[in-house]
Amino acid sequence: EVQLQAFGGGLVQAGGSLRLSCAASGFSFDDYAIGWFRQAPGKEREGVLCISSSDGSTYYRDSVKGRFTASSDNAKNTVYLQMNSLKPEDTAVYYCAAGPCTVLPDGGPLDYGMDYWGKGTQVTVSS
């Protein structure tokens with residue numbers, strides 16, 4: 001059974017940091033890119049970044065470049081999202097998904113076509 005689980009969200013003040021984890025099971029980690037997406041209340045879901053598990057290539061949404069960093073631990077089938085210098089506009093439910101990494105003009109991945117999705121984790125950044 002394919003499973004993806006994002007966890008590590010929470011409440012943090014602006015300027016603070018959080019690290020999210022995405023644990024995957026039931027599929028070969030090397031065969032998929034892992035994307036992080038987020039959806040704020042009343043807004044459409046948007047791609048944050050995607051990382052290739054095979055070679056570590058990573059593509060970031062312009063608005064998070066220099067603040068967010070993705071890494072993967074293939075032995076643990078886990079991808080991490082280190083978020084620094086958080087802003088109130090980063091508040092959203094964050095999801096991880098596995099599938100092809102199609103990069104949009106804003107630098108983030110396209111959510112359409114991702115094969116597997118995990119449940120989200122809430123990130124709230126207070127001002």
Side-chain angles (χ1 to χ4, degrees):
E1 179 185 5
V2 172
Q3 287 190 334
L4 285 164
Q5 179 65 55
F7 54 94
L11 173 64
V12 64
Q13 289 188 333
S17 299
L18 278 175
R19 189 175 84 154
L20 305 183
S21 300
C22 174
S25 63
F27 62 94
S28 177
F29 209 54
D30 288 342
D31 291 342
Y32 293 88
I34 300 296
W36 282 98
F37 300 84
R38 66 187 182 185
Q39 188 166 21
K43 294 187 177 181
E44 293 187 353
R45 185 168 58 195
E46 61 184 25
V48 177
L49 62 90
C50 60
I51 179 170
S52 168
S53 303
S54 59
D55 65 9
S57 300
T58 312
Y59 305 89
Y60 294 92
R61 182 180 190 83
D62 291 342
S63 62
V64 307
K65 286 179 182 176
R67 301 189 298 120
F68 290 12
T69 304
S71 61
S72 66
D73 185 338
N74 287 13
K76 296 182 178 180
N77 274 15
T78 300
V79 169
Y80 303 99
L81 173 56
Q82 179 66 44
M83 305 186 294
N84 298 328
S85 301
L86 282 162
K87 304 175 180 181
E89 52 263 42
D90 295 318
T91 295
V93 177
Y94 283 70
Y95 302 87
C96 61
C101 180
T102 303
V103 181
L104 295 171
D106 63 13
L110 176 68
D111 57 354
Y112 180 78
M114 299 300 281
D115 296 298
Y116 307 112
W117 288 86
K119 293 181 180 180
T121 184
Q122 176 71 48
V123 172
T124 303
V125 185
S126 63
S127 57

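When reading the values below, keep in mind they use all heavy atoms of this one structure, side chains included, and skip hydrogens, waters and symmetry mates.
- Expressed to the nearest 0.5 Å, how far OG of S25 lies from CG of L4 amounts to 7.5 Å.
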**OP:** Output, in order, the C-alpha distance, side-chain angles, deciding distance and verdict of side chain to side chain contact (heavy atoms under 4.5 Å, CB included) for D90 and R67.
**Re:** CA-CA 11 Å; D90 295 318; R67 301 189 298 120; 2.7 Å; yes
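- Taking all atoms of both residues into account, the shortest heavy-atom contact from I51 to G56 is CG1-O, 4.0 Å.
- A pairwise comparison of heavy atoms in N84 and S17 identifies OD1-OG, 2.9 Å as the closest pair.
- Using bins of under 30°, 30° to 60° and over 60° for the plane-to-plane angle, the ring pair F27/Y32 lands in the perpendicular bin.
- One finds the CD1 atom of I34 at 6.5 Å from the CE atom of M114 (value rounded to the nearest 0.5 Å).
- Of the inter-residue distances, the one linking L20 atom CG with L81 atom CG reads 5.0 Å to the nearest 0.5 angstrom.
- Here the closest heavy-atom approach between residue S63 and residue R38 is recorded as OG-NH2, 3.7 Å.
- Nearest heavy-atom pair, V48 versus V64, reported as atom, atom and distance to 0.1 Å: O-CG2, 3.9 Å.
- The shortest heavy-atom contact between V79 and S72 is CG2-CB, 3.9 Å.
- The number of heavy atoms from other shown groups lying within 6.0 Å of NZ (K65) is above 12.
- The closest side-chain heavy-atom distance from P100 to D115 is below 4.5 Å.
- The heavy-atom pair separating A6 from T121 by the smallest distance is O-CB, 3.8 Å.
- For the atom pair OG1 (T91) and CD (Q122), the distance works out to 7.0 Å, reported to the nearest 0.5 Å.
- Taking CD of Q13 as the start and OG of S127 as the end, the distance is 9.5 Å to the nearest 0.5 Å.
- No donor-acceptor distance shorter than 3.5 angstrom exists from the side chain of R45 to the backbone of Q39, with no hydrogens or angles considered.
- One hydrophobic cluster, built from ILVMFWY side chains closer than 4.5 Å, holds both Y94 and V12.
- Under a 3.5 Å cut-off, the side chain of S21 and the backbone N or O of R19 do not form any donor-acceptor pair.
- Residues F68 and W36 keep their aromatic ring centres 6.0 Å or farther apart.
- Atom CE of residue M83 and atom CG of residue L18 lie 4.5 Å apart, to the nearest 0.5 angstrom.
- Side-chain heavy atoms closer than 4.5 Å link hydrophobic residues (I, L, V, M, F, W, Y) into clusters, and following such links, even through other members, never connects F7 to Y116.
- There is a path of hydrophobic side-chain contacts, each under 4.5 Å, that joins L49 to V125.
- The aromatic rings of F37 and W117 sit tilted relative to each other, their planes meeting at an angle between 30° and 60°.
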